[in-house]
Amino acid sequence: MADSAGRVYLVGAGPGDPGLLTLRGLDCLRLADVIFYDRLVPVSLLDYSRPDSERVCLTDLGTHRPERWPLLLERMIASARAGKIVVRLKGGDPFVFGRGGEEAQTLREAGIDYEIVPGVTAALAAAAYAEIPVTHRAHASEVTFVTGHECPGKGSPSVDWARLAALPGTVVLYMGMNRLGEIVPALLGHGKPGSTPAAVVENASRGDQRTLKTTLDKLPEAVQRAGMHAPSLVILGEVVKLQPEMSWAERRPLQGKRVLIARPGKQGLALARQLDALGAVSLLAPALLLAPPASWTPVDDAIAHIVDFDWLVFTSANGVRAFVERLRHQGKDLRALGRARLAAIGTATAGELGSYHLNADLIPGEFVSEALAAELLPHVRGASVLLVRAEQGREILLKTLETAARVRQIAVYRQEPNAHLKQALSACWKPAPPEYILLTSSNIAHALLQALDESQTGSIRQGKTKLISISQVTTRAVCEHNLTVAGEATPHTMDGMIALLQKLARG
Ligand code: SAH
């Protein structure tokens with residue numbers, strides 16, 4: 001029985017594609033007070049946890065692995081004893097070469113309550129994303145997972161290479177990249193034919209996945225020539241022959257493209273998931289964070305008089321959400337909106353209204369403030385209009401509508417600079433500059449471009465990093481920084497940006 005209210009979840013994060021986390025794993029992440037994560041875990045998963053959760057990367061605990069591990073266990077136990085919900089997020093599956101067994105045992109002995117959530121192990125991800133069926137009725141009835149990195153403290157090595165060489169099925173070698181010079185001769189020496197088909201899958205399931213196909217005897221040399229690195233798996237066996245020239249994953253339209261997403265919060269994550277599914281390596285660097293407005297008083301006052309307005313005008317999905325939440329906070333609900341007509345700047349804003357079962361009465365043909373102002377104008381003559389927006393919005397709507405209507409403008413949220421932006425950017429430039437940066441508003445463009453250092457700006461000037469703008473206004477913001485965009489999305493939506501990205505990626 002557990003002796004504390006805290007709990008530890010040993011969660012398999014999957015092999016790299018964030019979409020491969022299980023729903024149970026996601027539930028645990030959302031609950032977590034503290035997350036201890038491995039270096040190989042896709043970091044965007046951390047953004048699904050509460051913003052106030054504590055996140056500790058294992059490499060922060062100490063430089064050397066053997067020293068780090070007892071420290072990690074100590075910290076996990078202390079957190080759980082303090083009543084915290086702890087998630088130990090591990091690459092792949094916790095019980096496949098992941099020390100999950102030892103961690104669970106230590107927790108058990110310490111009387112800590114725990115749960116184990118499996119993950120997609122690297123071998124199975126490599127199989128699916130490189131299209132190498134590890135079993136096949138005609139070619140392999142068994143599959144063996146083996147480590148190429150024996151625990152040095154064990155004394156005698158426990159991998160029996162002679163037996164492994166004699167196995168007829170598929171062999172998947174984990175952690176073997178640095179030891180191929182010893183492993184391959186051992187297998188050959190024990191009679192495994194040099195002609196055995198071999199594949200190496202690097203970064204399985206990620207946008208930067210690479211596959212190499214060869215035979216066992218040529219494996220070390222081929223790996224060296226192709227410059228393949230960890231994390232990689234070696235797959236040996238007849239099933240390797242079944243692999244198509246290019247797997248479905250490697251044929252994806254954005255495969256391997258490193259795309260920087262500067263949108264904050266849930267919207268950034270939603271965009272990342274769309275891009276990841278197309279094969280991109282999404283890099284999250286929110287340029288601005290969403291925060292409550294400096295004062296709720298004007299908003300609450302407008303809500304108190306909401307029946308007086310003929311039109312409510314929304315210029316962003318965030319604005320819709322913040323407004324409706326405040327309405328409910330004030331003890332009202334959607335019935336309070338009564339007869340007011342609703343305008344939305346574009347389909348995303350209208351979609352957010354739709355999520356509250358509200359239909360937009362007006363969406364302009366082009367999703368920019370100028371078009372919204374022009375199309376609204378004939379409808380609002382003599383009317384009373386409430387403009388619901390961000391604190392730092394543009395003034396064009398107000399100025400235009402004021403010529404015909406009584407307009408009140410309220411700020412329902414604020415965009416704050418992200419204090420960690422520079423840090424996030426330098427992570428996005430490693431190991432190479434991002435190929436694309438998606439600029440989804442002029443505010444985001446200003447915040448992001450201001451935060452770039454000289455070498456980062458240099459990669460834009462040299463064309464290594466291309467800027468993609470959502471609209472003319474954003475493009476103009478880019479020009480103010482003496483930079484140019486590689487393209488402007490039409491329609492001015494996320495889907496428009498993704499379509500443009502695919503077009504540019506095709507060359
Ligand atoms: N628990 C993990 C394995 C950890 S051992 C799992 O179930 O997948 C680390 C080894 O896993 C690496 O050396 C590499 O061989 C393999 N690995 C992990 N992620 C990988 C990936 N995305 N692509 C290829 N191999 C990977």
Side-chain angles (χ1 to χ4, degrees), residues 9-22 25 36-45 57-59 65-66 68-69 72 87-104 116-132 134 143-152 158-159 164 170-180 182-184 198-213 219-220 223 226-236 240 243 247 249-250 252 255-256 276 279-282 431:
Y9 293 91
L10 297 179
V11 178
D17 177 345
L20 295 180
L21 180 77
T22 63
F36 294 97
Y37 63 98
D38 283 343
R39 195 179 45 85
L40 276 184
V41 161
V43 283
S44 66
L45 285 181
C57 181
L58 248 57
T59 47
R65 272 191 211 188
R68 211 183 281 158
W69 200 56
L72 162 75
V87 164
R88 167 79 176 102
L89 195 58
K90 299 165 76 73
D93 179 272
F95 275 14
V96 179
F97 306 126
R99 286 207 196 192
E102 289 124 292
E103 290 180 14
I116 299 155
V117 182
V120 176
T121 190
L124 301 185
Y129 282 67
E131 284 194 73
I132 302 173
V134 284
V143 53
T144 307
F145 294 170
V146 59
T147 169
H149 179 86
E150 278 300 330
C151 178
S158 62
V159 176
L164 196 70
T170 307
V171 171
V172 184
L173 180 70
Y174 285 68
M175 293 177 279
M177 291 303 274
N178 297 331
R179 306 274 301 270
L180 290 179
E182 298 148 60
I183 293 168
V184 170
V200 180
V201 186
E202 182 186 74
N203 292 325
S205 84
R206 293 176 32 128
D208 46 6
Q209 170 177 310
R210 287 201 296 164
T211 315
L212 168 83
K213 230 179 351 181
L219 185 62
V223 162
M228 294 191 101
H229 297 290
S232 294
L233 287 170
V234 178
I235 304 178
L236 300 174
V240 168
Q243 194 200 23
S247 72
E250 290 164 357
R252 290 180 292 181
Q255 183 66 14
D276 286 344
V281 180
S282 297

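Each residue takes its place number in the sequence, starting with 1. Counting starts at 1 for both ligands and their atoms, following the listed order.
With Thr170 contributing its side chain and Val134 its backbone, the two residues share a donor-acceptor pair below 3.5 Å.
Between Asp276 and Arg206 no salt bridge is recorded (no basic side-chain N to carboxylate O distance below 4.0 Å).
Using a heavy-atom distance under 4.0 Å as the criterion, the protein contacts of ligand 1 are Pro15, Gly91, Gly92, Asp93, Val96, Phe97, Thr121, Ala122, Tyr174, Met175, Val201, Asn203, Ala204, Pro231, Ser232, Leu233.
Not counting sequence neighbours, the partners of Arg179 by the side chain to side chain donor-acceptor pair (under 3.5 Å) test are Glu182. Asn178 meets the side chain to side chain donor-acceptor pair (under 3.5 Å) test with no other residue; sequence neighbours excluded. Partners of Glu250 under the side chain to side chain donor-acceptor pair (under 3.5 Å) rule, at least two apart in sequence or in another chain, are Gln209, Thr211.
Considering CG of Leu72 and CZ of Arg99, their distance stands at 9.5 Å, rounded to 0.5 Å.
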